[in-house]
There are 2 protein chains.
Amino acid sequence: MQDKIHEELEFTLDPKSGVPFYKQIILQIEMAIADKRLNQGDQLPTVRGLAVDLQVNPNTVARAYSELEIRGIVNTQQGTGTFISDKKIKLTEVERERILAELVRGFVSKASSYGFSLAEIRTYLEDLEKDKEE
Amino acid sequence: MQDKIHEELEFTLDPKSGVPFYKQIILQIEMAIADKRLNQGDQLPTVRGLAVDLQVNPNTVARAYSELEIRGIVNTQQGTGTFISDKKIKLTEVERERILAELVRGFVSKASSYGFSLAEIRTYLEDLEKDKEE
DNA sequence: TATATTGTATTAAGACATTAGTACAATAGT
DNA sequence: ACTATTGTACTAATGTCTTAATACAATATA
């Protein structure tokens with residue numbers, strides 16, 4: 001048993017968005033991790049619990065958790081629950097670098113096609129960092 | 001009529017990748033733009049020509065071009081061809097900012113969920129820039 | 001060792017995505 | 001005008017995605 005479930009997560013689904021339910025769940029968990037509302041060891045809502053809240057089939061929640069598990073972002077244990085994993089002990093620096101490179105590559109190629117330069121993107125990120133500090 | 005078609009583009013398709021043909025075409029064009037192998041005004045291979053080269057139906061190439069056209073990345077004219085568009089005269093600064101923000105938002109939230117910090121991502125981009133200069 | 005709680009597996013329905021076949025339409029250049 | 005060259009529309013076949021129904025399995029804990 002680890003930490004308690006964060007009640008303040010407040011997941012919601014938008015059926016009109018065209019984004020599949022399970023992807024919306026993944027995105028909201030990613031966001032919560034980025035915002036530090038979810039941290040290592042935190043328990044996610046249970047598959048069943050979240051399914052009831054969101055009024056979807058448990059499989060839909062399970063699929064979201066399953067994708068996050070494949071990525072190493074959560075750990076799941078039957079009978080126990082699903083928890084934000086402690087990635088630091090699982091990924092080597094080489095693996096981290098490879099994943100980041102892959103993420104960045106896809107992002108940069110898309111941004112470039114819109115006419116954004118590498119420098120422009122970096123500057124934008126710098127501004128984002130400054131905003132966070134304030 | 002504008003510039004000649006770049007012969008050195010060398011598009012290829014990997015049927016085993018699981019990525020749809022039309023998406024592979026889009027990605028390779030985005031890459032070529034990022035690498036400056038394609039620049040404003042350049043003509044892309046014709047729908048039919050590329051279809052023959054890649055051994056796919058013309059509609060598959062047309063679909064790739066069509067998506068790029070919707071994004072404002074290429075301009076298409078029947079009887080004439082498809083060309084890399086001059087985005088600078090079409091997008092306002094506000095629109096540019098909005099698009100970049102949207103791209104970055106998705107990317108950062110995903111990267112964060114893998115445990116990458118904003119600072120780490122920015123540093124990685126800086127290194128990329130330095131590599132390009134060399 | 002019950003039994004409640006947690007996640008998992010299988011299947012099927014419906015919608016959507018992907019591609020090819022074929023025919024059509026607009027423009028350029030003679 | 002003619003004709004070659006360019007992109008486009010329509011349709012059908014096939015596969016994939018998304019979700020739900022339902023039943024199953026592992027763990028925790030009383």
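Only this structure's heavy atoms are used, side chains among them; waters, hydrogens and symmetry mates stay out. The structure displayed is predicted, hence computed values, not measured ones. Proteins get letters first, then strands, A, B, ... in listed order; numbering begins at 1 in each.
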* Is there any ring-ring contact (aromatic ring centres under 6.0 Å, His included) pair reaching into residues 105-134 of chain A, and which pairs are they, with sequence neighbours excluded? -> Phe107(A)-Phe107(B)

* **Asp35(A): partners by salt bridge (charged side-chain N to carboxylate O under 4.0 Å, His left out), with sequence neighbours left out** => Arg37(A)

* To do: Output all residues satisfying side-chain hydrogen bond (donor to acceptor under 3.5 Å, both in side chains) with Ser17(A), sequence neighbours left out; order by chain, then residue number.
  => Gln24(A)

* Structure fact -> Residue set satisfying side-chain hydrogen bond (donor to acceptor under 3.5 Å, both in side chains) with Glu97(B), at least two apart, ordered chain then number -> none

* Round to the nearest Å and state the distance from Glu67(A) atom CD to dG7(C) atom C1'. => 16 Å

* Structure fact -> Residues at least two apart in sequence or cross-chain that pass side chain to side chain contact (heavy atoms under 4.5 Å, CB included) with Gln78(B), listed by chain then number, are none

* Gln55(B) has an atom CD; how far is it from atom C1' of dG21(C), in whole Å? -> 17 Å

* Asked: Does Asp127(B) have any side chain to side chain contact (heavy atoms under 4.5 Å, CB included) partners at least two apart in sequence or in another chain, and if so, which?
  -> Thr123(B), Lys130(B)

* Structure fact -> Exactly one of Glu102(A), Glu95(A), Glu30(A) clears salt bridge (Lys or Arg N to Asp or Glu O under 4.0 Å) with Arg71(A), and that residue is Glu30(A)

* **Distance test, side-chain N/O of Thr80(A) to OP1/OP2 of dA28(D), below 4.0 Å** => yes

* **Ser113(B) vs Ile33(A) side-chain heavy atoms within contact, under 4.5 Å** => yes

* Structure fact -> Of the listed dG7(D), dT8(C), dA20(D), the closest approach to the Ala62(A) side chain comes from dT8(C)

* May I have the distance from Asn75(B) (atom CG) to dT8(D) (atom P), rounded to whole angstrom? => 12 Å

* Nucleotide dT18(D), atom P - distance to CG of Leu54(A) in whole Å -> 17 Å

* List in chain and number order the residues that pass side chain to side chain contact (heavy atoms under 4.5 Å, CB included) with Thr60(B), two or more places apart in sequence or in another chain; answer none if no residue qualifies. => Phe21(B), Tyr22(B), Val56(B), Asn57(B)

* Terminal axis angle for the helix from dT1(C)-dA30(D) to dT30(C)-dA1(D), five pairs an end, nearest 10 degrees -> 30°

* **Partners passing side-chain hydrogen bond (donor to acceptor under 3.5 Å, both in side chains) against Glu120(A) (at least two apart in sequence or in another chain)** => Arg96(B)

* Phosphate contact (dA20(C) OP1 or OP2) by Thr60(B) side-chain N/O below 4.0 Å -> yes

Close N or O pairs between protein and nucleotides 22-25 of chain C (under 3.5 Å):
| unit_1 | atom_1 | unit_2 | atom_2 | d |
| --- | --- | --- | --- | --- |
| dA25(C) | N3 | Gln78(B) | NE2 | 2.3 |

* Using side chain to side chain contact (heavy atoms under 4.5 Å, CB included) as the criterion, list what pairs up with Glu129(B), not counting sequence neighbours. => Leu118(A), Ala119(A), Arg122(A)

* To do: With the side chain of Arg63(A) defined as its heavy atoms from C-beta on, choose the nearest nucleotide among dA20(C), dT19(D), dT8(D).
  => dT19(D)

* Structure fact -> In numerical order, the residues of residues 18-28 of chain B whose heavy atoms come under 4.0 Å of DNA chain C are Pro20(B), Phe21(B), Tyr22(B), Lys23(B)

* Within the structure shown, what part of the strands sits under 4.0 Å from Thr82(A) by heavy-atom distance: base, sugar-phosphate, or nothing? -> sugar-phosphate

* Structure fact -> In whole angstroms, the gap separating P of dT18(D) from CG of Leu13(A) amounts to 14 Å

